[in-house]
Amino acid sequence: MSKRDYYEVLGVDKGASKEEIKKAYRKLARKYHPDVSNEENAADKFKEAKEAYEVLSNEQKRAQYDQFGHAAQDQGFGGFGGGAQDFGGFGDIFDMFFGGGGRRRDPNAPQQGADLQYSMVLDFEEAIFGKDTEITIPKEENCETCHGTGAKPGTKPKTCSHCNGSGQLNTEQNTPFGRVVNRRVCHHCNGSGKIIPDKCNTCGGTGKVKKNKKIHISIPAGIDEGQQIRVSGKGEAGVNGGPPGDLFVVIRVRPHEFFERDGDNIYCELPLTFAQAALGDELEVPTVHGKVMLKIPAGTQTGKVFRLKGKGAPNVRGYGHGDQHVQVRVVTPNKLTDHQKELLREFNEIGGHESTDEQGGSFFSKFKNAFKN
């Protein structure tokens with residue numbers, strides 16, 4: 001099945017800014033993340049959105065995608081999905097015509113271990129204030145029995161006699177261009193350059209064992225959906241004495257029933273009765289930092305937004321706090337007593353509908369005048 005256009009997936013235009021792309025992705029992530037969503041096919045939709053964001057949020061990958069479309073990913077242009085080894089076996093063709101003279105990596109040289117990724121789901125308040133926690137992840141570590149060699153204690157790996165430790169086999173071939181050398185990974189040692197006659201009973205000769213490891217994680221205050229924490233050296237163990245990889249903890253945030261967040265700012269709605277909006281009031285408003293008093297001026301209209309300075313999320317890099325924006329909504333009652341109805345009729349009869357707008361004019365008068373010839 002063909003892939004959808006990445007811009008279509010995120011619901012943005014091709015000229016969308018980085019901020020617009022990020023905002024669109026965060027909205028989809030909150031909606032479809034498998035840990036918080038009950039939507040049908042949520043996991044597939046989340047994966048599709050994540051893939052689109054990873055490409056369009058990177059300037060180089062986005063430029064390649066705009067030029068080549070999905071072919072940029074499929075063919076591995078410039079590392080957009082694969083390296084030079086992904087170019088349809090071009091390396092083998094060069095080896096055939098030029099004798100494989102390129103520089104090859106020593107299979108016995110130290111290699112860094114693979115990076116790991118862990119998805120952590122936080123409550124809204126946990127993301128705001130941060131926390132220290134422990135996670136348990138399955139990871140490969142060097143076998144303690146053989147110390148990562150893969151050989152039974154008391155024995156050692158031997159140099160592969162077929163490739164002489166190079167990890168590659170050279171075969172000569174006659175072509176119209178002359179005799180050339182074709183290089184292939186040695187199938188006897190799988191490119192490692194070593195043969196293990198007596199394999200370790202604990203790891204079966206791999207030199208690695210799977211273990212569940214507890215890792216301490218410090219979640220910084222103000223972290224947001226989609227951001228990640230790098231824990232250096234907590235990835236997979238290195239090969240041939242190489243350093244371990246890193247662990248990347250990707251943050252997901254559960255939606256809150258009252259608050260919404262955009263960057264460091266927090267948004268919420270506050271319901272008001274008609275009387276509170278007309279006469280004014282002073283109300284307790286919840287914030288993530290506790291309740292504060294908010295003064296509602298008389299004549300407040302529905303949709304009016306009040307700002308509570310410094311009551312938003314802390315900036316994850318320590319640059320102060322955002323604000324909380326409170327939008328009021330005047331709620332029309334759907335159940336009235338006879339006495340309440342009578343009072344409202346009386347209010348209407350004495351001109352209660354002749355409210356004025358911010359410029360001092362009667363809204364209803366303007367409405368009537370709009371239909372006059």
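Keep in mind that this is a model prediction, so the values were computed, not measured.
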Next on the checklist: Would the distance check show the side chain of Asp5 and the main-chain N or O of Glu8 forming a donor-acceptor pair, the cut-off being under 3.5 Å?
Outcome noted: yes
Item to check | Heavy-atom side-chain contact between Thr155 and Pro197 under 4.5 Å | outcome: no
Item to check | Derivation of the side-chain contact (heavy atoms from CB on, under 4.5 Å) call for Lys199 and Lys152 | outcome: CA-CA 5 Å; Lys199 295 181 179 179; Lys152 190 175 181 178; over 6 Å; no
Checklist entry - Hey, what do you get for OG (Ser17) to NZ (Lys22), rounding to the nearest 0.5 Å? => result 11.5 Å
Checklist entry - Is the side chain of Gln276 donor-acceptor paired with the backbone N or O of Thr273 at a distance under 3.5 Å, no angle test? => result yes
Checklist entry - So if you build clusters from Ile, Leu, Val, Met, Phe, Trp, Tyr with side-chain heavy-atom gaps below 4.5 Å, do Phe259 and Val328 land together? => result no
Item to check | From CA spacing to verdict: side-chain contact (heavy atoms from CB on, under 4.5 Å), Gln168, Cys163 | outcome: CA-CA 6 Å; Gln168 297 166 11; Cys163 65; 5.7 Å; no
Next on the checklist: Run the side chain to side chain donor-acceptor pair (under 3.5 Å) test on Glu51 and Tyr6 for me, step by step, so that the C-alpha distance in whole Å, both residues' side-chain angles and the decisive distance to 0.1 Å come before the verdict.
Outcome noted: CA-CA 8 Å; Glu51 180 180 314; Tyr6 285 150; 2.4 Å; yes
Checklist entry - Mind checking whether Ile137 and Asn212 have side chains closer than 4.5 Å, heavy atoms only? => result no
Item to check | Check ion pair Glu54-Lys50 (N to O, under 4.0 angstrom) | outcome: yes
Checklist entry - Just by modelled atom types, is the Gly263 backbone N or O under 3.5 Å from a matching donor or acceptor in the Arg261 side chain? => result yes
Item to check | NZ/NE/NH1/NH2 to OD/OE distance under 4.0 Å, Asp262 and Lys23 | outcome: yes
Item to check | Under 3.5 Å: donor-acceptor pair, side chain of Gln327, backbone of Gly303 | outcome: yes
Checklist entry - Is it true that atom NZ of Lys139 has more than 12 heavy atoms of other residues, nucleotides or ligands lying nearer than 6.0 Å? => result yes
Item to check | Electrostatic pair Asp323:Lys309 at N-O distance under 4.0 angstrom | outcome: no
Checklist entry - Are the side chain of Asp13 and the backbone of Gly15 linked by a donor-acceptor contact shorter than 3.5 Å? => result no
Next on the checklist: If you compare all heavy atoms of Gly222 against all heavy atoms of Gln227, which two are closest, and at what distance to 0.1 Å?
Outcome noted: O-OE1, 4.4 Å
Checklist entry - Does a side chain donor of either Asp132 or Ser218 reach within less than 3.5 Å of an acceptor in the other side chain? => result yes
Checklist entry - Could you give all pairs that pass the salt bridge (charged side-chain N to carboxylate O under 4.0 Å, His left out) test and reach residues 200-223, with sequence neighbours left out? => result Glu141-Lys213, Glu144-Lys211
Checklist entry - Do Ser166 and Cys186 touch side chain to side chain, with heavy atoms closer than 4.5 Å? => result no
Checklist entry - Do Phe306 and Val330 share a hydrophobic cluster, counting only Ile, Leu, Val, Met, Phe, Trp and Tyr and linking them when any side-chain heavy atoms are less than 4.5 Å apart? => result no
Checklist entry - Any Lys/Arg nitrogen of Arg26 or Asp224 sitting under 4.0 Å from an Asp/Glu carboxylate oxygen of the other? => result yes
Item to check | Asn142 versus Gly238, closest heavy-atom pair with distance | outcome: OD1-O, 3.9 Å
Checklist entry - To the nearest 0.5 Å, how far apart are CD1 in Ile219 and CZ in Phe129? => result 15.0 Å
Item to check | Near-ring test His162/His187, centroid separation under 6.0 angstrom | outcome: no
Checklist entry - Going hydrophobic residue to hydrophobic residue with side-chain gaps under 4.5 angstrom, can you get from Leu116 over to Ile229? => result yes
Next on the checklist: Starting from Val316, can I reach Ile217 by hopping between I/L/V/M/F/W/Y residues whose side chains sit under 4.5 Å apart?
Outcome noted: yes
Checklist entry - Rounded to the nearest 0.5 Å, how far does OG1 of Thr287 lie from CG of Leu294? => result 11.5 Å
Checklist entry - Could you go step by step and tell me if Tyr7 and Arg62 meet the side-chain contact (heavy atoms from CB on, under 4.5 Å) rule? => result CA-CA 10 Å; Tyr7 292 100; Arg62 183 177 179 180; 3.0 Å; yes
Next on the checklist: Using the rule that Ile, Leu, Val, Met, Phe, Trp and Tyr join whenever any side-chain heavy atoms are under 4.5 Å apart, tell me whether Val292 and Ile296 fall into a single cluster.
Outcome noted: yes
Checklist entry - If you round to the nearest 0.5 Å, how far is OG1 of Thr300 from CG of Leu270? => result 10.5 Å
Checklist entry - Just by distance, do the side chain of Glu59 and the backbone of Ser57 share a donor-acceptor pair under 3.5 Å? => result no
Checklist entry - Roughly how far apart are Cys189 SG and Ile196 CD1, rounded to 0.5 Å? => result 10.5 Å
Name every donor-acceptor pair, under 3.5 Å, that has one atom in a side chain of residues 332-339 and the other anywhere in the protein, sequence neighbours excluded.
from   : atom 1 : to     : atom 2 : distance (Å)
Thr337 : OG1    : Gln340 : N      : 3.2
Thr337 : OG1    : Gln340 : OE1    : 3.4

Checklist entry - Do any N or O atoms from the side chain of Glu260 and from the backbone of Pro255 form a donor-acceptor pair under 3.5 angstrom? => result no
Checklist entry - Between Arg329 and Glu269, does at least one N-O distance fall below 4.0 Å, as a salt bridge requires? => result yes
Checklist entry - Could you give the distance from NZ (Lys311) to CG (Asn265), rounded to the nearest 0.5 Å? => result 14.5 Å
Checklist entry - Are Leu247 and Ile215 close enough that some pair of their side-chain heavy atoms sits under 4.5 Å apart? => result yes
Item to check | Expected output: side-chain Glu126 to main-chain Asp123 donor-acceptor under 3.5 Å | outcome: yes
Item to check | Sub-6.0 Å ring centroid separation between His256 and Tyr267 | outcome: no
Next on the checklist: Could you report the tightest heavy-atom contact between Val9 and Ala49, atom names first, then the distance?
Outcome noted: CG1-CA, 3.8 Å
Item to check | Ring centers of Tyr118, Phe248 separated by less than 6.0 Å | outcome: no
Next on the checklist: For Lys45, is the NZ atom crowded, meaning more than 12 foreign heavy atoms sit under 6.0 Å from it?
Outcome noted: yes
Next on the checklist: On a heavy-atom basis, which atom in Gln324 and which in Cys268 lie closest, and how many Å separate them?
Outcome noted: NE2-SG, 3.4 Å
Item to check | Glu225 (side chain) donor-acceptor with Val253 (main chain) under 3.5 angstrom | outcome: yes
Item to check | Closest non-hydrogen atom pair, Cys146 against Ala151 | outcome: CB-O, 3.1 Å
Checklist entry - Any sub-3.5 Å donor-acceptor pair from Glu236's side-chain atoms to Glu140's backbone N or O? => result yes
Checklist entry - Stepwise, does the side-chain contact (heavy atoms from CB on, under 4.5 Å) test hold for Val209 with Thr202? => result CA-CA 8 Å; Val209 290; Thr202 303; 4.2 Å; yes
Next on the checklist: Test of understanding: with ring pair (Phe, Tyr, Trp, His ring centres under 6.0 Å), list the residues that count as partners of Tyr53, not counting sequence neighbours.
Outcome noted: Tyr25
Checklist entry - With a 4.5 Å limit on heavy-atom distance, are the side chains of Ile195 and Ser161 in contact? => result no
Checklist entry - Hey, are the side chains of Lys27 and Lys31 touching, using non-hydrogen atoms and a 4.5 Å cut-off? => result no
Checklist entry - Quick one: does Val121's side chain get under 4.5 Å of Arg254's, heavy atoms only? => result yes
Item to check | For the student: nearest non-hydrogen atoms of Ala313 and Ile266, plus distance | outcome: N-CD1, 3.9 Å
Checklist entry - So do the side chains of Leu122 and Ile223 get within less than 4.5 Å of each other, counting heavy atoms only? => result yes
